[in-house]
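We name chains A, B, ... by the order of the sequence lines, and we start the count at 1 in each one.
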Protein chains: 2
Amino acid sequence: MARPSLYPDTREHILATGEELIHGRSFTALGLTELLSEAGVPKGSFYHYFKSKEDFGVAMLTRYFSGYRERVGGLLTDGSVGNGRERLLAYFQQWLDNHARCEAQSCLAVKLAAEVSDLSEPMRVALDEGMLAIVQRLAACLREGQTDGSIKPSLPPDDTAYALYSLWLGAALMYKTQHSLQPLQAAMIHTQGLLLPCSAA
Amino acid sequence: MARPSLYPDTREHILATGEELIHGRSFTALGLTELLSEAGVPKGSFYHYFKSKEDFGVAMLTRYFSGYRERVGGLLTDGSVGNGRERLLAYFQQWLDNHARCEAQSCLAVKLAAEVSDLSEPMRVALDEGMLAIVQRLAACLREGQTDGSIKPSLPPDDTAYALYSLWLGAALMYKTQHSLQPLQAAMIHTQGLLLPCSAA
DNA sequence: AGAATAATAGACCGATCGTCTAGTTGCAAG
DNA sequence: CTTGCAACTAGACGATCGGTCTATTATTCT
């Protein structure tokens, strides 16, 4: 081919650096200069790999959700440990643990959704698709739980999946403003109550 | 005194304009030049009324939440129409209706929480206080509902208030990415299910 | 060896950012 | 009518923004 890359995969390295930095500032406030100096990549390279900052943003979101599905999607998949109910609870427990462990970390959906939806249509779509996939995974897991008898069949799976995901998105958002686990713990208590059999069919 | 103001209250006028504009862009992306030209206020005046953009941001948030409490807090207050359960449902129904009516409108908490929490500590605090006040109002309303018998007493009021508010925050966030009422409608269905008596004490 | 090309390098562009200071304006007291 | 002074404003400031451009470097294929 040609000249060797600075890194095994420079494009990937820029995206990873962006994902790290974005937790601390908004997408608009994340300057290319800062991003590239942090990544140790010259500016000329950026526009070799991305046609614009927006294009970079889309790629970062796509990459993030793809990685998220790999890391966390397995937890929810049928055939993994436990029944449907246990898998859902494990998923949300991990969500809580992530925040308890490291303060800065938060999911990109929470961090960027509000800003990016108004800023860039392509980025909005990338976000939407990524989030929708999670909701669908949750809905599937709810159905599996209803089949295996661990989740009461009266819950509408799709609406409940939306509600659960919304609940945890909002709790993560409040965690950011409050710097306290209380919203997330309340979400966990509520989730446990919802997924517990309630005698009502 | 001295020279008369351009508007009866120029500072207030700038804040109101900011609140309008912020729905369409992030706080970082909202430039002072744009804000002031939209408001019809000369640029030089800005630092007469605010000591910095951050100071303006804090004032905008404080003003917003103060107005929000006036407009919407009454709906939740004891002594208003209906029992506790009906008042809560009316509050969230209005939340849904607001989104159904006008696409652009969304609450400032949803729009700014993620961005501002990392950007500015004073703005984060303003946001936190405003949101906390709403959660406390919800919790009070839950307690009132438990007293008047319209809400089942097994629900922990504080955690449930957090969960309800998180749920609707998250649903509003997803509304922004999805451009669809589905998340909000799912939140409403879930809320109705939660506030319905369930025989389980 | 030489052509082709992928990637790096960073100076540079106009626009816009938030901020600041020097200045003008208009009313009130003398 | 003047002067004092606070309220307000005009516009410049340096920094930084996203983006472009030309040049150079290192590699592979012919």
Next item on the list: For A/A39 and A/T17, work out which heavy atoms get closest and say how close.
Entry: CB-OG1, 3.6 Å
Checklist line | Residues within residues 24-33 of chain A bordering DNA chain D, heavy-atom distance below 4.0 Å | finding: A/L30, A/G31, A/L32, A/T33
Checklist line | All side chain to side chain contact (heavy atoms under 4.5 Å, CB included) counterparts of B/Q182, not counting sequence neighbours | finding: A/Y162, B/Q178, B/S180
Item checked: Whole-Å gap separating P (D/dC17) and CZ (A/F56) -> 14 Å
Note to self: Checking contacts here: which listed nucleotide (C/dT8, C/dT19, D/dA7) is nearest the side-chain heavy atoms of B/S52?
What the structure shows: C/dT19
If you restrict it to nitrogen or oxygen atoms, what contacts under 3.5 Å exist between nucleotides 20-23 of chain D and the protein, and what is each distance?
none

Margin query: So, using side chain to side chain donor-acceptor pair (under 3.5 Å) as the criterion, who are the partners of B/Y91 when residues are at least two apart?
Written below: B/Y68
Margin query: In this structure, how many angstroms lie between the C1' atom of D/dC17 and the CG atom of A/L36, rounded?
Written below: 13 Å
Notebook entry, point to check: What's the closest nucleotide to the B/H48 side chain, out of C/dG18, C/dA9, D/dA7?
Noted result: D/dA7
Note to self: Expressed as a whole number of angstroms, how long is the span from B/H13:NE2 to D/dC8:C1'?
What the structure shows: 15 Å
Notebook entry, point to check: Any idea how B/H99 and B/Y175 line up, ring-wise: parallel (<30°), tilted (30 to 60°), or perpendicular (>60°)?
Noted result: perpendicular
Check: Roughly how many Å is it from CZ in A/R11 to P in C/dA7, rounded to a whole number?
Finding: 11 Å
Check: Among all residues two or more places apart in sequence or in another chain, which pass the side chain to side chain donor-acceptor pair (under 3.5 Å) test with B/N83?
Finding: none
Item checked: A/E144/A/R137 salt bridge by N-O under 4.0 Å criterion -> yes
Item checked: d(CZ, A/F46; P, C/dC12) in whole Å -> 22 Å
Checklist line | Step-by-step side-chain hydrogen bond (donor to acceptor under 3.5 Å, both in side chains) determination, A/E86 to A/S150 | finding: CA-CA 8 Å; A/E86 287 164 345; A/S150 62; over 6 Å; no
Item checked: Distance in angstrom units between A/L35 CG and D/dG18 P, rounded -> 9 Å
Next item on the list: Write down the distance between CD (A/E54) and C1' (D/dC17), rounded to a whole number of angstrom.
Entry: 16 Å
Notebook entry, point to check: Where the side chain of A/Y49 is concerned, which of C/dA7, C/dG18, D/dG19 is the nearest nucleotide?
Noted result: C/dA7
Notebook entry, point to check: Closest heavy-atom contact between B/S154 and B/Q146?
Noted result: N-NE2, 4.5 Å
Next item on the list: Let me know the distance between NZ of A/K53 and P of D/dC17, rounded to the nearest Å.
Entry: 9 Å
Next item on the list: Return each pair, listed once, that meets ring pair (Phe, Tyr, Trp, His ring centres under 6.0 Å) where at least one residue sits in residues 122-157 of chain B; pairs must be two or more places apart or across chains.
Entry: none
